Amino acid sequence: MTTPRVRVRYAPSPTGDPHVGNIRQAIWSWLYARRSGGDFLIRLEDTDQTRKVAGSLEQIYASLRWLGIDWDEGPDIGGPYAPYVQSERLPLYRVAADQLLATGHAYRCFCSAERLAEMRKAQQAAGEPPGYDGCCRALAPEDVGRRAAAGEPHVVRFRMRDDGTTTLVDLLRGEITVENRHFDDFVILKSDGFPTYHLAHVVDDHAMKISHVTRGDEWLPSAPRHARIWDALGYRRPIFVHFPVILGPDGGKLSKRHGATSVLEYADEGYVPDAVFNFLAVLGWSFDDKTEIFTRQQLLAVFDLADISVNPAAFDTQKLEWMNGVYLRDAAEPALVEMFAARLDRDLPAGVPRPLDRALIEAFTPHIRERVKLLSEVVDLVDFFFVRDVPTPPANEFLSAKRWRNDAAGAARSLEAMADALGALGDWTTPAIEASMRGTAEAIGETVGDVFTLCRLAVTGKRVAPPLFETIEIVGSELAVSRLRAAALSLATAV
RNA sequence: GGCGCAUUCGUCUAGCGGCCCAGGACGCCGCCCUCUCAAGGCGGAGAUCGCGGGUUCGAAUCCCGCAUGCGCCA
């Protein structure tokens, strides 16, 4: 028996923004397909028309594209097994259902909703396990034919329940055996002609030659049903891989309450795709006992589905942030400048003229790259470079340090002295600025810590900013000096 | 209620019978560096491997129960 070509599909339902847990499934599936030199495709599972949310497909595409995941076949680009949308494949499911009907693996059931409800009530009252009682199993064939032909509403059920057992293999968990008596004869074709998930995915995964059926482990309990359908249809079973879920930081279900649940929101918050990709890839998967940071190339070289942990993993936002910082620090400078520029263009106040000064961004990028964990933090770190009239912070900001608490005049004098020194500086370079400022601090008998804090506040308007001398150089002589003087003046008048 | 899956530091994990009185990462704490904040360096706290029985010379690792969590069916 030859091993079939690896073909893995990502099969989202159009029910809104894809959840990160779902996207992680896509990442793992994609990684495996690519790593194996196989195919990765998208199939839309939209048989539950009631849960449909408009625009979902676009968000699914956008999420994957943002992460750099490509696909070989899908609703948008077609492929040899088109269509890739289940609601457009209805005839195929009917054919499969007919085959199961003809071979006796399935039967038509005319039970009314009322009868089913009553049956359930009785089972509940008797403390019996719920499930279809097999009422229509024994219907006479000629009756069935007549009623179906007459258009009487009915469903098609799979003959599941019997005295045997079903065994299947899950790649991550090994062999799983269950007794068939715990199942009922489940519906595979609804009265409106739509298939249930059970039938649809089997028909499609077989038709599309999927080698590894990857999906969330909420499907594990019904996997025996699917295995039985595969067998009944005479198909060769695929390899089942049931992925664990992602939990919220508190161990509960991951929800909006914990922050972002969709990768598009992470994009919005200033995370970079490679970091999110890396983070999600290693959340619940590991290569060895130490490696955390993987380039895409490395991942593509070493990823294996078999190394996935079956435990549900809690989403650790702090670790994601850390990892994002790693990616930002490791990024090539031109790429970083590009990211900063794009983000600033979006976040800076409208009053700042566009296009933004590229040279300016290039100038400060090396000095902030180690201080940024999220792109969204950049604007607060550098806005004073762009905004000409930075408001001088209130006096109490300057006077909060012990040294100045009762000496506003001294603070004002210190700032004046710095302004004088810098105003007279001919060589406007970082080393010269540093030498001048240190010299001035010494000359006026202040510690650099005390006086530089005042300068930082005056020039940047912030307590926390990029390194002072470099910052002052970039801000430029004229602006730096005038901001120092403005601060000195405000302190002098505040006394 | 029945069935299934899972159970190693707060979190993600390494571990697949002796290398483990359990290793790494995030986070946390301390020190160093230092103009702030970071980054970086060094060090530290943190897991009786869910509990109880076995098997074995030897178990986090194998087996059986129990507990807990999650999921599925309704």
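All figures in this text were calculated on a predicted structure; none of them were measured in a lab. To find a chain, count down the sequence lines: A is the first, B the second, and so on, and within it residues start at 1.
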Whole angstroms only, please: what is the [atom1]-[atom2] distance between [X] and [N]?
X        : N     : atom1 : atom2 : answer
A:Leu116 : B:C73 : CG    : C1'   : 14 Å
A:Met160 : B:C73 : CE    : P     : 14 Å
A:Ile308 : B:C16 : CD1   : P     : 20 Å
A:His367 : B:C35 : NE2   : C1'   : 14 Å
A:Tyr197 : B:C73 : OH    : P     : 12 Å
A:Glu473 : B:C35 : CD    : P     : 18 Å
A:Ile293 : B:G24 : CD1   : C1'   : 13 Å
A:Arg215 : B:G71 : CZ    : C1'   : 14 Å

Atom pairs, N/O to N/O, protein against nucleotides 37-40 of chain B, distance under 3.5 Å?
| residue | atom | partner | partner atom | Å |
| --- | --- | --- | --- | --- |
| B:C37 | O2 | A:Arg371 | NH1 | 3.1 |
| B:C37 | N3 | A:Arg371 | NH1 | 2.3 |
| B:C37 | N4 | A:Arg371 | NH1 | 3.4 |
| B:A38 | O2' | A:Glu370 | O | 2.4 |
| B:A39 | O4' | A:Glu370 | O | 3.4 |

Surrounding [atom1] of [X] (heavy atoms of other residues, nucleotides or ligands, distance under 6.0 Å), is the total greater than 12?
X        : atom1 : value
A:Arg137 : CZ    : yes
A:Glu442 : CD    : no
A:Lys402 : NZ    : no

- Task: Of all the heavy-atom pairs spanning A:Trp66 and A:Tyr271, show the shortest one and how long it is.
- Result: CZ2-O, 3.3 Å

Applying a 3.5 Å limit to both distances, which nucleotide forms a Watson-Crick or G-U wobble pair with [N]?
N     : result
B:G10 : B:C26
B:A47 : none
B:G2  : B:C72
B:G18 : B:C57
B:C37 : none

For [N] and [M], measure between their [atom1] atoms and round to the nearest Å.
N     : M     : atom1 : result
B:G15 : B:G43 : P     : 26 Å
B:A39 : B:C32 : C1'   : 14 Å
B:U11 : B:C28 : P     : 16 Å
B:A22 : B:G44 : P     : 14 Å
B:G50 : B:C31 : C1'   : 37 Å
B:C21 : B:A59 : C1'   : 14 Å
B:G30 : B:C70 : P     : 36 Å
B:G4  : B:C26 : P     : 40 Å

Pairing donors with acceptors under 3.5 angstrom, does anything connect the side chains of [X] and [Y]?
X        : Y        : value
A:Arg24  : A:His19  : no
A:Ser490 : A:Thr392 : no
A:Ser376 : A:Glu269 : no

- Given side chain to side chain donor-acceptor pair (under 3.5 Å), test A:His226 with A:Arg215 step by step and report yes or no. CA-CA 13 Å; A:His226 310 145; A:Arg215 72 225 303 196; 2.9 Å; yes

- Message: Can you build the contact string for nucleotides 2-15 of chain B? Use B for base contact, S for sugar-phosphate-only contact, and - for no protein heavy atom under 4.0 Å.
- Response: SSSSSSS--BBSS-

- Tell me, for nucleotides 59-67 of chain B in 5' to 3' order, what letter each nucleotide earns: B for a base near a protein heavy atom under 4.0 Å, S for only sugar-phosphate near one, - for neither? ---------

- Donor-acceptor under 3.5 Å (A:Asp407 side chain, A:Gly410 main chain): yes

- Task: Tell me, please, which residues at least two apart from A:Thr165 pass side-chain contact (heavy atoms from CB on, under 4.5 Å).
- Result: A:Thr177, A:Glu179

Is [X] salt-bridged to [Y], going by a charged N under 4.0 Å from an acidic O?
X        : Y        : result
A:Lys190 : A:Asp48  : no
A:Asp205 : A:Arg43  : yes
A:Arg161 : A:Asp133 : no
A:Asp170 : A:Arg173 : yes

- Task: Take A:Asp347 and A:Val378 through the side chain to side chain contact (heavy atoms under 4.5 Å, CB included) test and state the conclusion after the steps.
- Result: CA-CA 9 Å; A:Asp347 292 350; A:Val378 173; over 6 Å; no

List every contact pair, protein side and nucleotides 32-34 of chain B side both N or O, where the distance is under 3.5 Å.
none

- With sequence neighbours left out, which residue pairs that include part of residues 427-461 of chain A fulfil the ring-ring contact (aromatic ring centres under 6.0 Å, His included) condition? A:Phe452-A:Phe469

- If each of A:Thr291 and A:Phe452 is mapped to the nucleotide of RNA chain B with the nearest heavy atom, which maps nearer the 5' terminus, i.e. the 5' end? A:Thr291

- Query: Does A:Lys121 place a side-chain N or O at less than 4.0 Å from the phosphate oxygens OP1/OP2 of B:A74?
  - Reply: no

